[in-house]
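Notes to accompany the following structure.
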2 protein chains.
Amino acid sequence: MTDMPIGEVSRRSQVKVPTIRYYEQIGLLPAPPRSEGNRRLYGARDLRRLSFIRHARDLGFEIDAIRTLLTLQDNPSLPCAEADSIARDKLAEVNARIESLMALKEELEAMVGGCGHRCVGECRVIEVLADHHKCLHAEH
Amino acid sequence: MTDMPIGEVSRRSQVKVPTIRYYEQIGLLPAPPRSEGNRRLYGARDLRRLSFIRHARDLGFEIDAIRTLLTLQDNPSLPCAEADSIARDKLAEVNARIESLMALKEELEAMVGGCGHRCVGECRVIEVLADHHKCLHAEH
DNA sequence: ACTTACTCCTCTAGCGACTAGAGGATGTGT
DNA sequence: ACACATCCTCTAGTCGCTAGAGGAGTAAGT
């Protein structure tokens, strides 16, 4: 459990080796002790922290937000309004992104469906991109 | 219509001035003629090209894909299978992104809903991020 | 003991698609 | 004549890594 080399903590946390070193460099992960041969030695705490980071990154949280979340995690007696608000912001952002991707999906489907694979002169894909007014959603 | 300065073509195409110069630099937009005082002078063709680029960027196409699409647009007699396949790829990617965002949305909703704004020690947001097994979707 | 193969170290540079800012020239309106 | 907007080039920064060079330490097999 303790004194894992970077490769093992990488495998277990699913965070790539250079990324772990990068996280150390930007101060997201504390610099661990080193072996006699100057290798990083990680413990269970580091593994938990890395898993936390990786999970949050997967969920689309930015490094800065994760920094805040980690500070909160380190101080469990603080009020959690901030964590909640970060998650709420993220949710709003995700909803917005879903909405615009749905519009995009419709537009792409119209493009792809309308093209009969002849030549570019008659291609709906090119046509739609060239002429904004042929869009399904003129707002953008 | 012709001999617009960069600011005007920017306003009309909705592409920012430095971005237009950047597109010129990377060879996405041909370098226009210059005025006596060394200012770029754009014509209707450039405006159309920029609008095409902007529209495609909005739709999430990468610069490289746009480069291909522009080449196709410039040669209308080529078969359009490639344009079609680029759009199809993009559609698949968009669908995948929508799906993962929907899963994310659920997870964030569970986080936000489960937290009663007390203190971090009881916060579901932190808890879920720290412990992967509390996720709704264990795959990721 | 020696070799091979692997992991690890530091360091620098690169990615994509811009964006920001410095420092200066040109153009427009009053 | 002057103010002010717009333009020019150039360099460097953003974010979150990723790739590669060049070298050192370590584990397993012979």
Side-chain angles (χ1 to χ4, degrees), chain A residues 3-29 31-43 46-47 49-70 86 89-90 93 97, chain B residues 3-29 31-43 46-47 49-70 86 89-90 93 97 100 140:
Chain A
D3 287 0
M4 288 169 275
I6 198 166
E8 192 181 338
V9 86
S10 161
R11 239 172 295 115
R12 294 216 206 180
S13 66
Q14 310 266 61
V15 179
K16 287 184 196 154
V17 169
T19 306
I20 295 175
R21 290 197 277 248
Y22 167 72
Y23 286 162
E24 180 181 323
Q25 192 190 306
I26 62 168
L28 202 59
L29 194 70
R34 301 288 183 114
S35 76
E36 294 210 347
N38 197 32
R39 276 134 192 254
R40 291 170 179 83
L41 295 176
Y42 294 95
D46 300 304
L47 178 55
R49 202 173 175 90
L50 268 176
S51 305
F52 183 101
I53 294 169
R54 199 208 143 220
H55 194 180
R57 288 292 300 136
D58 276 0
L59 291 177
F61 289 91
E62 283 140 33
I63 298 282
D64 251 21
I66 295 174
R67 219 183 278 272
T68 308
L69 290 170
L70 281 168
I86 290 173
D89 284 2
K90 202 76 223 165
E93 194 189 307
R97 259 161 67 189
Chain B
D3 287 2
M4 286 169 277
I6 199 168
E8 191 180 338
V9 86
S10 163
R11 238 171 296 119
R12 294 215 207 183
S13 66
Q14 310 266 60
V15 179
K16 288 184 197 153
V17 169
T19 306
I20 295 175
R21 292 198 276 245
Y22 167 72
Y23 286 161
E24 180 180 323
Q25 191 190 307
I26 63 168
L28 200 61
L29 193 69
R34 302 287 183 116
S35 73
E36 295 210 345
N38 197 34
R39 277 133 192 254
R40 291 170 177 83
L41 294 176
Y42 293 95
D46 300 302
L47 179 55
R49 201 172 177 93
L50 268 177
S51 304
F52 182 101
I53 294 169
R54 200 209 142 218
H55 195 180
R57 286 294 298 135
D58 277 358
L59 292 177
F61 289 92
E62 283 140 34
I63 298 282
D64 252 21
I66 295 174
R67 222 184 278 272
T68 309
L69 290 170
L70 281 168
I86 290 173
D89 284 1
K90 202 76 224 164
E93 197 190 305
R97 260 162 66 190
S100 84
H140 68 245

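Note that this is a predicted model, so its numbers are computed, not measured. Reminder, nothing fancy here: chain letters follow the sequence lines and each chain counts from 1.
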B/T19 has a side chain; which of C/dA17, C/dC9, C/dC18 sits nearest to it? C/dC18
Atom-pair distance (CG on B/D64; C1' on C/dC18), nearest Å: 15 Å
With nearest nucleotide decided by heavy atoms, which residue, B/E8 or B/Q25, maps closer to the 5′ end of DNA chain D? B/E8
Side chain A/D46, main chain A/G43, donor-acceptor under 3.5 Å: yes
When the distance from CD of B/E36 to P of C/dA25 is rounded to whole Å, what number comes out? 18 Å
From OH of B/Y22 across to P of C/dT19 the rounded distance in Å is 10 Å
Identify which nucleotide among C/dT7, C/dT19, C/dA17 has an atom closest to any side-chain atom of B/K16, counting heavy atoms from C-beta outward. C/dT19
Would you say a side-chain N or O of A/R39 is under 4.0 Å from OP1 or OP2 of C/dT7? no
Contact boundaries of DNA chain D with chain A (under 4.0 Å, heavy atoms), 5' to 3'? D/dG16 to D/dT26
What is the distance from CG of A/N38 to P of C/dC9, rounded to the nearest Å? 7 Å
How far apart are the C-alpha atoms of B/L28 and B/R67, what are their side-chain angles, what is the distance that settles it, and do they pass the side-chain contact (heavy atoms from CB on, under 4.5 Å) test? CA-CA 7 Å; B/L28 200 61; B/R67 222 184 278 272; 4.0 Å; yes
Whole-Å distance, B/L50 CG to C/dC18 P, equals 11 Å
Over how many whole Å does the gap from B/R67 atom CZ to C/dG16 atom P extend? 10 Å
Stepwise side-chain contact (heavy atoms from CB on, under 4.5 Å) test for A/M4 and A/R12: CA-CA 10 Å; A/M4 288 169 275; A/R12 294 216 206 180; 4.0 Å; yes
Treating A/R54 as the side-chain partner and A/D58 as the backbone partner, does any N or O pair qualify as donor plus acceptor under 3.5 Å? no
Interatomic distance where CG belongs to B/D3 and C1' belongs to C/dG27 [whole Å]: 15 Å
Value in whole Å for how far the C1' atom of C/dA13 lies from CZ of A/R21: 16 Å
side-chain contact (heavy atoms from CB on, under 4.5 Å), that's the test. Do B/E24 and B/R40 meet it? Break it down for me. CA-CA 11 Å; B/E24 180 180 323; B/R40 291 170 177 83; 2.8 Å; yes
Is it true that a side-chain atom of B/R57 and a backbone atom of B/F61 form a donor plus acceptor pair closer than 3.5 Å? yes
Under 3.5 Å donor-acceptor, B/S13 side chain and B/L47 backbone: no
